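These numbers were taken from a predicted model, which means no experiment stands behind them. Chain naming here is simple, since letters A, B, ... match the order of the sequence lines and numbering starts at 1 in each.
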Amino acid sequence: MTARFQAPKGTYDLLPPRSALFLAVVQALTTRLARAGYEHVQTPIFEDTALFERGVGESTDVVQKEMYTFTDRGGRSLTLRPEGTAGVMRAVIEHHLLDGALPVKLWYTGPNFRYEQPQSGRYRQHTQVGAEAVGLDDPLLDAELIAVADAGFRDLGLSDYVVKLASLGCGQCRPPYREALTSFLAGLDLDAATRERARLNPLRVLDDKRPEVKAQVAEAPVMLDALCESCAEHFAVVRRALDSFGVHYEIDRFLVRGLDYYTRTTFEFVHNRLGAQASIGGGGRYDGLIAELGGPSASGVGFGLGVDRIMLACEAEGLTPYQDSRVDVFGVGLSAAARERLAEIVDHLRRREMRADLSYGDRGLKGAMRGADRSGAQYALVLGDRDIEAGVAQVKDLQDGTQEQVRIDEVVEYLANRLGAPPRRISGGA
RNA sequence: GUGGGCGUAGCUCAGCUGGCAGAGCACCGGGUUGUGGUCCCGGGUGUCGCGGGUUCGAGCCCCGUCGCUCACCCCA
């Protein structure tokens, strides 16, 4: 029984009942986004390789060594998207959305692909729920996105996480700061790989987790102390807004994001029980990205929330909103003829918006009843040849074991009344 | 890409110094030919990840390989 094939390295199959958690996570987050006026957008799962090289940044690890790039039969270099923002920005530019009402507020969800060494919470294919608010640099949008993600997490029942916040400055104040940081780093005792990183993006050295690096970097100059007046004001508004929303956050002087395009506000949601890959979401503002991709000079702010890690976070906090029952009514037929009749009744029940299933195949009464039990149904609908002859069905309440005889031509209405059609909704809630 | 740990039934795992592959749960059947869960009885469902090697004999030892896992790097 050894499987000849297995899921590719770094990927996994999402099976029931856990798959219900996936849907619950996506639904919780996207519901909050829709409520805040964000509309759904879908872009291709692969794009021109050059889009990601320009959009994500040549110096990033993602572009340098993690992209799934291939040449199609037409000789085009394409890449499975490693993140969501670049593709959405491409679509925004291509369809001139910035010529309309601003800001453009969009959300999206789907898989991203990165060729990484798998680890807890890190996969080669992972799903994100993302959102972008484009066309304005209003700091209230930054705060809105953080608040929306936070609210979505709370809706899921999550609480053991922190919101980290920082500002990376802009084209005015970042270059001089970067100079200062570079000269500071030059005076440290760092290994070759880290020196190279410092050359590509000195900010990222601040994020190093190794104690020997952390200690040396503790006294490094901090961007937040070097913000220009307009960036400082922008950041102050974000903070005031979050305060007024009641969103708790902590300022992280060394918060750095891995993608090159971030400016000004950056934020990250870090869960406390996830091990090394603890970031369940992150994002920030990008001022140069749209122009970099050939669009107008416009600002945007967005986030990516990691569905896989959010699921792990839910499980770490004991939140498993698995559906407890698949259906409300389960048909148990004692003969082939009875099963045919039941299939018809079940079809009617479904048309009346009841959740119904039946025992397929010749399993015998005991097996069929066991199927009814496992389905979690409230009622079993038992039908045998004797019943058909008498024009009745047996409706058994699987909770208390009581059973009633109901005329077949009245059984749909009977169950609709008992269940209160349309019946309870599939909430997926805990 | 680098380093540590681990691959035995559907799942969680035991298996001594190399000597007939096991347990619990799950699953299937029966006890009950028209009634589930609890209970009782019965059933092992297996390429011991894969490929070589050593040996009379390998789940166990050696080499390789694939995968999982944890950490670095990086990130959701």
Side-chain angles (χ1 to χ4, degrees), chain A residues 1-12 15 25 29 56 59-66 82-85 109-130 149 191 193-194 196-197 200-201 204-205 207-213 256-259 268-271 274-283 303-313 330 332-335 338 359 363-377 379-388 393-403 405:
Chain A
M1 286 279 275
T2 301
R4 194 174 297 273
F5 293 110
Q6 36 187 288
K9 179 169 180 169
T11 67
Y12 64 96
L15 307 172
V25 168
L29 300 173
V56 179
S59 74
T60 60
D61 280 34
V62 169
V63 169
Q64 287 194 345
K65 51 190 187 192
E66 296 178 357
E83 58 96 51
T85 302
T109 184
N112 294 331
F113 305 86
R114 293 177 198 167
Y115 190 86
E116 300 191 270
Q117 202 54 243
Q119 183 180 337
S120 176
R122 192 174 69 186
Y123 309 99
R124 292 186 172 179
Q125 173 177 341
H126 75 274
T127 297
Q128 287 188 18
V129 168
D191 60 279
T194 309
E196 173 62 10
R197 216 149 20 101
L200 286 171
N201 186 345
R204 256 188 285 160
V205 178
D207 205 22
D208 203 304
K209 286 178 191 163
R210 291 171 296 181
E212 65 272 22
V213 179
V256 177
R257 310 244 70 232
L259 310 182
E268 193 165 311
F269 295 84
V270 180
H271 199 266
L274 283 193
Q277 311 303 319
S279 172
I280 56 176
F303 64 51
L305 309 178
V307 175
D308 309 74
R309 286 185 190 170
I310 294 166
M311 286 194 288
L312 294 172
F330 195 93
V332 172
L334 302 183
S335 67
S359 180
R363 308 181 59 190
L365 178 58
K366 187 183 179 109
M369 281 303 293
R370 189 152 46 216
D373 191 46
R374 281 178 198 159
S375 75
Y379 296 105
L381 192 55
V382 181
L383 195 70
D385 291 339
R386 287 194 331 237
D387 299 308
I388 294 178
Q394 311 299 326
V395 177
K396 178 164 185 172
D397 185 323
L398 291 170
Q399 305 279 300
D400 59 24
T402 60
Q403 183 164 304
Q405 186 165 295

Could you go through the side chain to side chain contact (heavy atoms under 4.5 Å, CB included) check for A:Arg309 and A:Ser279 one step at a time?
CA-CA 8 Å; A:Arg309 286 185 190 170; A:Ser279 172; 3.9 Å; yes

Donor-acceptor pair (no angle test) under 3.5 Å: A:Lys366 side chain, B:G31 base:
yes

Of A:Met369 and A:Gln125, whose nearest nucleotide on RNA chain B comes first from the 5' end?
A:Met369

Any base atoms under 4.0 Å from A:Gln394, or only sugar-phosphate, or nothing? Heavy atoms, all strands.
base

For RNA chain B, what is the dot-bracket line, given that a base pair needs Watson-Crick (N1 to N3, plus N6-O4 or O6-N4) or G-U wobble (N1-O2 and O6-N3) geometry with both distances under 3.5 Å, and | means paired with another strand?
(((((((..((((.....[..))))((((((.......))))).)...(((((..]....))))))))))))....

Take the protein atom CZ of A:Phe269 and the nucleotide atom P of B:C75, then report the distance between them rounded to whole Å.
18 Å

Interatomic distance, A:His126 atom NE2 to A:Arg114 atom CZ [nearest 0.5 angstrom]
4.5 Å

Taking only side-chain nitrogens and oxygens of A:Arg370, does any of them come within less than 4.0 Å of OP1 or OP2 of B:C27?
no

Who are the ring-ring contact (aromatic ring centres under 6.0 Å, His included) partners of A:Phe303, not counting sequence neighbours?
none

For B:C70 versus B:G43, give the span between their C1' atoms, rounded off to a whole number of Å.
39 Å

I'd like to know if the side chain of A:Arg124 reaches the main chain of A:Thr11, judged simply by a donor and an acceptor atom lying under 3.5 Å from each other, with no hydrogens or angles considered.
no

Inter-nucleotide P distance (B:C41, B:U55), Å rounded:
49 Å

With a non-hydrogen cut-off below 4.0 angstrom, is A:Glu83 in contact with a base, only sugar-phosphate, or nothing?
nothing

In whole angstroms, how far is the C1' atom of B:C75 from the CZ atom of A:Phe113?
16 Å

In whole angstroms, how far is the P atom of B:C27 from the CZ atom of A:Arg374?
4 Å

Side chains of A:Val56 and A:Glu66: does their closest heavy-atom pair fall under 4.5 Å?
no

Please report the distance separating the C1' of B:A58 from the corresponding atom of B:U12, rounded so that it comes out in whole Å.
25 Å

Stepwise side chain to side chain contact (heavy atoms under 4.5 Å, CB included) check, A:Leu334 with A:Asp385:
CA-CA 7 Å; A:Leu334 302 183; A:Asp385 291 339; over 6 Å; no

Distances under 3.5 Å between nitrogen or oxygen atoms of protein and nucleotides 11-13 of chain B:
none

Spell out protein contact along nucleotides 67-72 of chain B as letters: B when the base is contacted, S when just the sugar-phosphate is, - when no protein heavy atom is under 4.0 Å; keep the 5' to 3' order.
SS-SBB

Taking the C1' atom in each of B:U17 and B:G59, what is the distance between them to the nearest angstrom?
15 Å

Test for a donor-acceptor pair under 3.5 Å between the base of B:G36 and the side chain of A:Asp373, counting only N and O atoms.
yes

What integer distance in Å separates A:Asp61:CG from B:C73:C1'?
7 Å

Could you tell me whether A:Arg363 contacts a base, only the sugar-phosphate backbone, or nothing, with contacts defined as non-hydrogen atoms closer than 4.0 Å?
sugar-phosphate

Rounded to whole Å, please give me the gap between CD in A:Glu196 and P in B:C73.
16 Å

In whole angstroms, the gap separating P of B:C74 from NZ of A:Lys65 amounts to 8 Å

Between A:Asp208 and A:Arg197, is there a side-chain heavy-atom distance shorter than 4.5 Å?
yes

Would you measure the distance from the P atom in B:G44 across to the matching atom in B:G29 and give it in whole Å?
16 Å

Residues forming a ring-ring contact (aromatic ring centres under 6.0 Å, His included) with A:Tyr379, sequence neighbours excluded
none

P atom, B:C16 versus B:G53: distance in rounded Å?
25 Å

Could you measure between the two C1' atoms, the one in B:G31 and the one in B:G49, and give it in whole Å?
41 Å

Once rounded to the nearest 0.5 Å, what's the spacing between atom CG of A:Leu305 and atom CD of A:Gln128?
7.5 Å

To the nearest angstrom, how far is A:Leu365 atom CG from B:G30 atom P?
11 Å

Counting distance only, does the side-chain N/O of A:Glu83 pair as donor-acceptor with the main-chain N or O of A:Thr85 below 3.5 Å?
yes

Heavy atoms under 4.0 Å, any strand shown: does A:Leu334 hit a base, just sugar-phosphate, or nothing?
base

To the nearest 0.5 Å, what is the distance between CD1 (A:Ile388) and CG (A:Leu383)?
4.5 Å

Side chain to side chain contact (heavy atoms under 4.5 Å, CB included) between A:Ile310 and A:His271, intermediate numbers included
CA-CA 9 Å; A:Ile310 294 166; A:His271 199 266; over 6 Å; no

By the 4.0 Å heavy-atom rule, please label A:Arg197 as base, sugar-phosphate, or nothing.
sugar-phosphate

For A:Leu200, which residues count as a side-chain contact (heavy atoms from CB on, under 4.5 Å) partner, sequence neighbours excluded?
A:Ser59, A:Gln64, A:Glu196

A:Asp387 CG to B:G34 P, straight-line distance once rounded to whole Å
11 Å

